[in-house]
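Computed from a predicted model, the values in this text were never measured in an experiment. Any value given below was found using the heavy atoms of this structure, including those in side chains, with hydrogens, waters and symmetry copies removed.
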Amino acid sequence: GEAKNQGAKEVEKLVEWRDERGTTPLLAACGKGREKVVERLVEAGANVETASQSGATALYLASQQGSVAVVNCLLEAWAAVNAAKKDGSTPLYIACSKGHVEVVKALIAACADMEAAYRSGATPLMVASRNGHAEVVETLLKAGVNFNRSTKKGTTALYLACQQGRNEVVRKLVEVGAKLEAGTKSGETPLLIAVENGQADVVKTLIQAGVDKEKTNISGETPLFVASLKGHVTLVAILLEAGVNLEVPNKTGLTPLLIASQNGHLEMVDLLLKAGANIEAPDQNGRTLLHLACTRGHLEAMERALAAG
């Protein structure tokens, strides 16, 4: 009996042996998705809760790697489904980040916490939305995830999808009724960030969904103002077609037309003038389009102002 015990101790010692980086054989096998090896190690009594120096468990590494067979093997061995790394990321979070939809389904079936957030406050849904993993987003939505949750800064899953131009994800979030105007602390709405980043398809989706097209950030900038400022001609055209107000100034009294001319965006100036922008609208200092064009030395903008006047 003693020899047998001694043998078992030797096996345990081998199975739990850590290399210089603190990795056990089980952690190494899970990181590579070696299904048969993992099964044998679990059978040999490997501790499924062993974690790396960063706090990554075998289940975390398997979820990151994407092998659903390894994930299921660990779940059957009662691996803790919500064991998080030191940074707060869980197996579900990393699977969502990487877009491993089958792993996500297996973890949700094992009652993974869909709201467990990374240290930045980002949830599994947020990271899947940001990275454009539409199938994962759909899986989370079907499982009843809170799709309007926001980080401390006020970013939502919809905001992140709009920021990155993930139109398919935006559509799915809009369909379930995500708040279209939920903005960050600085008043950046999903529409404003999509406009700022030049995401035309997303802007169209939001407009079709009935978004407030005039909502401003804390600087008083409308989506049209931001598009004019950034020189996104396509987006200005989309917003004009949607019937936005041309004359809303920002907090310093600049209208979209004035900011476009100030930055020398000629095509934009033409577009706004053609749409009926008021050429005589002054800023807070009483300067009109012509003043600003002359001050900045934008000769062509000056010619346009004279021609339109």
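Closest approach of Ala122 and Thr151 over heavy atoms only: N-CG2, 4.0 Å. Nearest heavy-atom pair, Pro25 versus Leu14, reported as atom, atom and distance to 0.1 Å: CG-O, 3.8 Å. The two residues His133 and Lys98 make their nearest non-hydrogen contact at NE2-C, 3.5 Å. Nearest heavy atoms, Pro91 versus Ala83: CD-O, 3.2 Å.
Of the possible donor and acceptor atoms, one in the side chain of Asn217 sits under 3.5 Å from a partner among the backbone N and O of Ser219. Checked by atom type and distance alone, the side chain of His232 pairs as donor or acceptor with a backbone atom of Glu196 at under 3.5 Å. Judged by distance alone, the side chain of Asn250 and the main-chain N or O of Glu221 form no donor-acceptor pair under 3.5 Å. With Asp87 contributing its side chain and Ser89 its backbone, the two residues share a donor-acceptor pair below 3.5 Å.
For Lys85, the NZ atom counts as densely surrounded, since its 6.0 Å shell holds more than 12 non-hydrogen atoms of other residues, nucleotides or ligands. Shown here is Glu267, whose CD atom has no more than 12 heavy atoms of other residues, nucleotides or ligands within 6.0 Å. The environment of CD in Glu39 is crowded: more than 12 heavy-atom neighbours from other residues, nucleotides or ligands sit within 6.0 Å. When the shell of 6.0 Å around CD of Glu168 is examined, it contains 12 or fewer heavy atoms from other residues, nucleotides or ligands.
Atom-to-atom distance recorded for Lys172:NZ and Glu135:CD is 8.5 Å, nearest 0.5 angstrom. Rounding to the nearest 0.5 angstrom, the gap separating the CG atom in Leu224 from the CD1 atom in Ile238 is 12.0 Å. Taking CG of Leu41 as the start and CD of Glu16 as the end, the distance is 9.0 Å to the nearest 0.5 Å. The structure places CD of Glu115 at 11.5 Å from CG of Asn82, a figure rounded to the nearest 0.5 Å. Here the CD atom belonging to Glu102 is positioned 11.5 Å from the CG atom belonging to Leu107, to the nearest 0.5 angstrom. Rounding to the nearest 0.5 Å places NZ of Lys204 at 9.0 Å from CG of Leu235.
In terms of hydrophobic clustering, with Ile, Leu, Val, Met, Phe, Trp and Tyr side chains grouped at heavy-atom distances under 4.5 Å, Val71 and Leu27 are assigned to different clusters. Leu74 and Tyr60 are assigned to two separate hydrophobic clusters, defined by single-linkage of ILVMFWY side chains at heavy-atom distances under 4.5 Å. Ile259 and Leu257 fall within the same hydrophobic cluster, defined by Ile, Leu, Val, Met, Phe, Trp and Tyr side-chain heavy atoms under 4.5 Å apart, directly or through other members. Tyr93 and Val169 are assigned to two separate hydrophobic clusters, defined by single-linkage of ILVMFWY side chains at heavy-atom distances under 4.5 Å. The hydrophobic clustering, which links ILVMFWY residues whose side-chain heavy atoms are closer than 4.5 Å, places Val137 and Met126 apart.
In this structure the side chain of Trp17 never reaches within 4.5 angstrom of the side chain of Thr24, judged on heavy atoms.
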Exercise for review: Would you please test Thr123 and Tyr118 for side-chain hydrogen bond (donor to acceptor under 3.5 Å, both in side chains) and show each step?
Suggested key: CA-CA 6 Å; Thr123 61; Tyr118 183 64; over 6 Å; no
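For residues 279-290, the set of pairs meeting the side-chain hydrogen bond (donor to acceptor under 3.5 Å, both in side chains) definition, not counting sequence neighbours, comprises Asp283-Arg287, Thr288-His291.
A salt bridge does not link Arg171 with Glu175: every distance from a Lys NZ or Arg NE/NH1/NH2 to an Asp or Glu carboxylate oxygen is 4.0 Å or more. Between Glu181 and Lys215, none of the side-chain N atoms (NZ, or NE/NH1/NH2) sits under 4.0 Å from a carboxylate O, so this pair counts as no salt bridge.
The side chain to side chain contact (heavy atoms under 4.5 Å, CB included) test with Ser63 singles out one residue from Val70, Ile94, Val81, Thr90, and that residue is Ile94.
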